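Only one structure is covered here, and it is reproduced in the block below.
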2 protein chains.
Amino acid sequence: MELSERKKKVLRCVVDLYIRTAEPVGSKAIAALPDMSYSSATIRNEMAELTSLGLLEQPHTSAGRVPSAAGYRLYVDELMEDQRLSLDEARSISSAIDEKLQRVDRMLEKVAKLVSQATELPAISLASRQGQATAQRFDLIRAGDQSVIVVIMLSTEEVVNKLLRLPVAVTEADLKVLAALLNATMTGIPAGDFTGQLLEKVMASAGTAAPLVPVIMDFTAETLRRQGSTNMAIAGQAKLLGLPEYRDVDKAQKVLSSFDEEALRDLPAVMGSESGTKVLVGPENVAQELKDTSVVMTKFDIGEGMQAMIGVVGPTRMDYAKVTARLSYFAESLSKLFSKPEQPQLPEAKTRQEE
Amino acid sequence: MELSERKKKVLRCVVDLYIRTAEPVGSKAIAALPDMSYSSATIRNEMAELTSLGLLEQPHTSAGRVPSAAGYRLYVDELMEDQRLSLDEARSISSAIDEKLQRVDRMLEKVAKLVSQATELPAISLASRQGQATAQRFDLIRAGDQSVIVVIMLSTEEVVNKLLRLPVAVTEADLKVLAALLNATMTGIPAGDFTGQLLEKVMASAGTAAPLVPVIMDFTAETLRRQGSTNMAIAGQAKLLGLPEYRDVDKAQKVLSSFDEEALRDLPAVMGSESGTKVLVGPENVAQELKDTSVVMTKFDIGEGMQAMIGVVGPTRMDYAKVTARLSYFAESLSKLFSKPEQPQLPEAKTRQEE
DNA sequence: CGTTAGCACTCCATCTTCTCGAGTGCTAAG
DNA sequence: CTTAGCACTCGAGAAGATGGAGTGCTAACG
């Protein structure tokens with residue numbers, strides 16, 4: 001069923017206005033809008049029909065209308081004007097991103113903070129790898145008589161290390177042998193296959209350096225497991241409380257608690273595998289706690305088999321246009337930043353957008 | 001001026017009760033307490049005097065009494081019964097800590113979460129080093145024709161690494177020379193001294209590997225700077241909203257915002273340098289936002305020149321005895337865990353306490 | 001002299017009632 | 001098809017009424 005142009009226009013106005021004011025909007029308010037050339041009575045009729053179509057709702061008789069979940073859906077999918085960032089905003093965002101982002105988790109924190117600032121809502125950022133990581137190469141550095149630094153290069157191109165204290169002294173020669181052994185036996189093996197069996201096999205050939213093996217294996221397995229898991233960061237939680245719909249402390253607490261818990265872990269599942277922005281409107285939502293609450297998430301690739309998502313959590317009436325615009329811009333900038341080889345730190349080329 | 005025993009007892013009861021109920025306590029409630037052998041009228045007299053001494057306050061005539069900041073102070077300093085952990089609690093806490101805590105920031109997150117769970121309040125954990133870190137040793141590992149892994153061992157005994165992509169190919173020999181050069185010139189130097197001058201000097205001697213030098217120096221300086229800074233983690237923010245005093249959204253928001261901002265950065269300064277537990281009661285507090293709010297922080301050493309702090313933020317009427325007991329226990333367990341060499345992962349010896 | 005019972009008084013929290021106004025749906029005229 | 005007009009609905013917020021918890025004071029008690 002297709003809506004008339006006028007109905008669409010009215011619906012759009014209702015949503016826009018509701019987004020701004022957070023209060024039910026009446027026919028008069030719509031009629032007063034600058035580019036609305038009908039009287040409030042006409043609008044009323046249209047609104048009545050939109051209501052019976054399930055796109056608007058009335059909190060009670062004689063209150064204005066509020067968009068229903070279906071109404072938001074339609075708005076997001078069809079009616080929303082895709083709001084470009086102004087030049088200023090784009091500039092300030094990209095200069096913020098430019099800073100060197102060292103490690104993944106630091107990066108996530110930073111990004112979450114930026115997104116939160118840009119949207120004035122709580123923001124989530126997460127990154128995960130698809131596929132199993134394996135160790136690709138081991139190096140052992142002798143850091144003293146009784147300490148060794150283990151450096152492991154992973155298939156994901158990430159490098160991890162750990163300083164080990166030993167109860168016994170080891171020689172350079174020991175380490176050389178051990179490193180060769182590790183590279184021969186423990187590379188290319190997914191986390192799941194680090195079993196007691198493998199341990200025994202490796203230790204048997206390890207000679208004097210045998211006591212080191214279990215520790216290194218533990219560390220490796222742990223690291224690989226961690227690689228598979230999802231990192232995430234949240235910022236700007238307090239912003240939620242500034243919004244009128246969360247003046248109800250109970251509601252706010254539910255949402256905030258769902259951050260603490262692992263409830264958000266399965267966001268990636270909900271998002272599916274395609275990149276792009278998804279809007280989860282109110283009841284369609286992931287966690288039960290998040291009625292009245294929408295989640296907007298953008299998924300994108302950051303190279304090297306990693307996927308990242310950024311998103312915000314806010315009231316269902318949040319300004320979707322603004323939020324999605326900002327998220328897409330962030331996503332784009334970030335994936336550019338990451339696909340670029342880290343090394344030649346070229347001054348960011350002209351990637352600005354028109355206003 | 002010294003209070004009579006009875007006054008002390010009354011004061012303690014008022015605070016205890018207020019902690020539990022979050023409501024002004026009346027004379028009758030105190031008199032009804034099991035080990036209170038006076039009538040409500042007597043208690044009333046005592047309370048009136050305590051009020052005129054500034055230790056209690058009345059929200060208004062004909063409401064019960066509430067401890068004043070000074071009252072809390074006295075309570076914390078003298079009256080509080082130091083509440084030992086029950087055996088069960090101690091056991092559950094130490095088993096939680098036992099898990100391997102890999103990196104500092106992971107560790108902080110985990111600890112904050114645990115503390116928050118144990119106290120049912122928002123918790124903060126932070127760690128910082130005192131003194132300047134320097135690089136102690138450089139190793140370069142060739143990871144392919146055009147990539148190198150830089151491994152830096154710091155004076156703090158932490159090891160960091162970074163994978164570098166190069167625009168040019170390098171040989172093992174190049175790297176060996178460069179590593180020697182780095183170890184000769186860039187070790188033992190604090191972050192502040194990584195100047196353009198040093199860069200030029202090192203590059204002059206670097207030969208074919210010269211292009212690598214600036215990147216490594218950048219990374220080193222950045223790392224050292226980060227070492228000096230304080231890491232921190234916060235958990236359980238949503239718990240704040242469960243407390244009656246923060247049903248006032250504005251108040252809650254102020255406190256939660258102060259987490260987001262860097263307001264807490266100067267907590268270390270306020271804490272001074274001695275180890276131990278400090279209670280910052282309401283108005284004595286750090287940030288202006290935190291009126292009505294107290295902060296309990298415990299500072300302790302975790303070896304290798306690192307100091308850590310754990311603490312909670314909550315209403316001034318929080319259960320100080322419980323909170324400090326738990327914090328001290330955490331602090332003790334953690335500093336034990338860290339002072340122990342990581343390697344020989346002995347089954348935790350008997351460090352339980354009596355009930 | 002310290003302790004306690006009794007009592008008048010205060011003042012907040014809570015509930016009820018009332019009023020006001022925004023917004024609606026319907027009808028009839030343009 | 002659009003618009004003006006009007007009676008009607010209903011919630012938000014103000015105003016008022018009620019009850020009870022808690023106080024301070026006084027006087028009696030051991």
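Computed over heavy atoms, backbone and side chain alike; hydrogens, waters and symmetry mates excluded. Because the structure is predicted, anything quoted here is derived from the model rather than measured.
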Taking only the side-chain nitrogens and oxygens of [X], find out if one of them lies under 4.0 Å from OP1 or OP2 of [N].
X     : N      : value
A/R44 : C/dT27 : no
B/S27 : D/dT23 : yes
A/T61 : C/dT24 : no
B/R65 : D/dA21 : no
A/S62 : C/dA22 : no
B/T42 : C/dT3  : no

Evaluate side chain to side chain contact (heavy atoms under 4.5 Å, CB included) for A/K299 paired with A/K278, printing each intermediate quantity in order.
CA-CA 8 Å; A/K299 188 168 194 171; A/K278 262 207 174 125; over 6 Å; no
- Once you round to the nearest 0.5 Å, how far does NZ of B/K322 lie from CE of B/M80?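 The NZ atom of B/K322 sits 13.5 Å away from the CE atom of B/M80.
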Could you tell me how far apart [X] ([atom1]) and [N] ([atom2]) are, to the nearest whole angstrom?
X     : N      : atom1 : atom2 : value
B/K28 : C/dA5  : NZ    : P     : 12 Å
B/E23 : D/dG20 : CD    : P     : 17 Å
A/H60 : C/dT24 : NE2   : C1'   : 11 Å
B/I43 : C/dT4  : CD1   : P     : 8 Å
B/M47 : D/dC25 : CE    : C1'   : 16 Å
A/N45 : C/dG23 : CG    : P     : 17 Å
A/E46 : D/dT3  : CD    : P     : 11 Å

If the test is side chain to side chain contact (heavy atoms under 4.5 Å, CB included), which one of B/V281, B/V279, B/D77 qualifies with B/Y72?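 Per the side chain to side chain contact (heavy atoms under 4.5 Å, CB included) rule, the option paired with B/Y72 is B/V281, out of B/V281, B/V279, B/D77.
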For A/V25 and for B/P59, locate the closest nucleotide of DNA chain C by heavy-atom distance; then report the residue assigned to the nucleotide nearer the 5' terminus.
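Final value for this comparison: B/P59.
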Should A/K239 and A/E120 count as an ion pair when the cut-off is N to O under 4.0 Å?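 Salt bridge absent between A/K239 and A/E120.
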| query | With sugar-phosphate meaning primed atoms plus P, OP1 and OP2, does A/A41 contact a base, only sugar-phosphate, or nothing at under 4.0 Å between heavy atoms? | reply |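 The residue A/A41 makes base contact.
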Are there over 12 heavy-atom neighbours, none belonging to B/E23, within less than 6.0 Å of that residue's CD?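 Open: at most 12 neighbouring heavy atoms sit under 6.0 Å from CD of B/E23.
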